[in-house]
Amino acid sequence: MRQDEITEVVERSAKLVAEHYVFPDVAERIAAHLGDRLRAGRYADVAGPPALGDLVTEDLQSVNQDLHLRLKHHVTALPERDQDPDEDAWAALTARQMGGVARVERLAGNVGLLDLRPFLAPPQLGGAAVTAALGLLAGTDALLLDLRGNRGGSPDMVALICGWFFAEPVHLHTMYNRAGAGRQFWSAAHLPVPRYDRDKPVYVLTGPDTFSGGEELAYDLQQLGRATLVGERTRGGAHPRTGFRAHPHLELTVPVARPVHAVTGTNWEGCGVAPDVAAPAGEARDTAYRMALESLLAADPQRPTADEAREAVAALA
């Protein structure tokens with residue numbers, strides 16, 4: 001890349017952060033840091049956009065470790081306007097990824113498995129697929145919700161899924177923007193499928209790849225006492241972001257809001273969501289499955305699926 005092109009990208013990135021980052025005081029520090037690095041020759045002789053994106057991202061995150069703040073390289077040229085993935089892009093992703101529903105299964109012992117990855121699409125695009133999966137699982141006696149490969153997505157989809165677990169709407173969090181204005185998020189009041197009975201145990205599987213909206217779903221169910229988290233601590237990205245075009249192949253993603261959870265008064269930014277039962281991510285499914293089976297057998301050893309459950313426990317030994 002030419003030096004004047006590099007300078008333009010870095011200066012535009014600093015300006016956008018200063019104008020839009022959710023914490024104004026931190027925004028000024030980050031912008032000043034980029035300017036200092038530029039003048040010190042940090043970005044001189046960068047080979048191309050991917051390398052520049054990596055360097056600038058490292059410097060953006062060095063101030064307060066916000067993982068949503070980055071200069072992201074795109075192989076395909078970006079449209080000549082600022083945008084996050086718009087509805088057309090989301091629609092294409094949703095069609096390829098079945099709305100984020102990777103797997104729906106009834107395991108032995110009548111334990112349901114729902115694997116949501118790699119993202120949670122907005123309800124207007126992924127809602128039909130997700131609610132269909134929830135409907136299929138409504139008759140199971142316990143649930144494993146696998147979020148180990150979930151990298152985020154729509155908070156409105158999180159609210160929709162949470163609505164399945166609660167008989168009445170529950171306040172999840174309030175999202176505050178840079179100016180301090182807030183929007184409340186509540187679990188969905190209505191779903192076109194039966195809700196999951198409150199007395200049925202739910203286990204959420206997490207790992208170091210669980211991020212953003214995936215973390216929000218895990219955090220909401222944990223803090224509201226509806227699920228037990230099994231696995232590893234998540235990555236720690238709570239702030240929703242907006243994308244800006246800094247170069248034909250570089251998108252600057254800037255966090256523009258922060259959630260404040262209704263129960264904790266805080267969020268999982270920078271610290272991740274801690275599991276209730278620690279287990280290596282690769283073993284979290286078997287660990288949670290055993291817990292679910294043993295819970296069901298303890299509650300009713302004569303249940304119709306008891307023999308199936310006992311056989312499954314033995315197989316996990």
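- Looking at R178, its side chain does come within 3.5 Å of a backbone N or O of Y21 through a donor-acceptor pair.
- In this structure, Y43 and M1 have side chains that are not in contact, with every pair of non-hydrogen atoms separated by 4.5 Å or more.
- With a 6.0 Å radius and a threshold of 12 heavy atoms from other residues, nucleotides or ligands, E168 has its CD atom at or below the threshold.
- For R151, the CZ atom counts as loosely surrounded, since its 6.0 Å shell holds 12 or fewer non-hydrogen atoms of other residues, nucleotides or ligands.
- No side-chain donor-acceptor contact under 3.5 Å links D115 to the backbone of A102.
- Atom CG of D4 is surrounded by more than 12 heavy atoms from other residues, nucleotides or ligands within 6.0 Å.
- In this model, a donor atom of one side chain and an acceptor atom of the other lie less than 3.5 Å apart for Y196 and T140.
- Counting heavy atoms from C-beta on, the side chains of R245 and P79 never come closer than 4.5 Å.
- With no hydrogens or angles considered, no side-chain donor-acceptor pair links Q223 and T264 at under 3.5 Å.
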Working for salt bridge (charged side-chain N to carboxylate O under 4.0 Å, His left out), residues E58 and R37: CA-CA 11 Å; E58 183 179 328; R37 301 297 270 168; 5.8 Å; no

Quick one: side chains of residues 131-138, donor-acceptor pairs under 3.5 Å with protein atoms, not counting sequence neighbours, listed by atom name and distance.
from : atom 1 : to   : atom 2 : distance (Å)
T131 : OG1    : G127 : O      : 2.8
T131 : OG1    : A128 : O      : 3.2

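- For the ring-ring contact (aromatic ring centres under 6.0 Å, His included) test, residues two or more places apart in sequence or in another chain that qualify with H68 are F211.
- Using a 4.0 Å cut-off between charged nitrogen and carboxylate oxygen, R29 and D66 do not count as a salt-bridge pair.
- With hydrogens and angles disregarded, a donor-acceptor distance shorter than 3.5 Å links the side chain of N110 to the backbone of G139.
- Under the salt bridge (charged side-chain N to carboxylate O under 4.0 Å, His left out) criterion, no residue pair touches residues 274-284, with sequence neighbours excluded.
- Side chain of W164 to backbone of P194: a donor-acceptor contact under 3.5 angstrom is found.
- Heavy-atom minimum distance, Q65 versus E269: O-OE2, 4.2 Å.
- Other residues, nucleotides and ligands contribute over 12 non-hydrogen atoms within 6.0 Å of the CZ atom of R285.
- Across every non-hydrogen atom of L293 and V111, the tightest pair is CD2-CG2, 3.9 Å.
- Here the options are E232, R235, Q222, the test is side-chain contact (heavy atoms from CB on, under 4.5 Å), and the partner is V273; only Q222 passes.
- Counting heavy atoms from C-beta outward, P259 and W268 have side chains that approach closer than 4.5 Å.
- No more than 12 heavy-atom neighbours from other residues, nucleotides or ligands sit within 6.0 angstrom of NZ on K15.
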Evaluate the ring pair (Phe, Tyr, Trp, His ring centres under 6.0 Å) criterion for residues F244 and H20: first the C-alpha distance (whole Å), next the side-chain angles of each, then the deciding distance (0.1 Å), finally the verdict. CA-CA 10 Å; F244 299 91; H20 297 282; 4.7 Å; yes

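- In the model, D220 has a side-chain atom that pairs as donor or acceptor with a side-chain atom of H261 under 3.5 Å.
- Side chains of L116 and I161 form a contact here, defined as non-hydrogen atoms less than 4.5 Å apart.
- Here the side chains of L144 and L107 are in contact, with some heavy-atom distance below 4.5 Å.
- For the pair L60 and L71, the tightest heavy-atom approach, listed with the atom from each and the gap, is CD1-N, 4.0 Å.
- When every heavy atom of G213 is checked against every heavy atom of L120, the shortest pair comes out as O-CD1, 3.8 Å.
- The two atoms that bring L78 and H247 nearest to each other are CD1-O, 3.7 Å, heavy atoms only.
- The main-chain N or O of C271 is found under 3.5 Å from a side-chain atom of R233 such that the two form a donor-acceptor pair.
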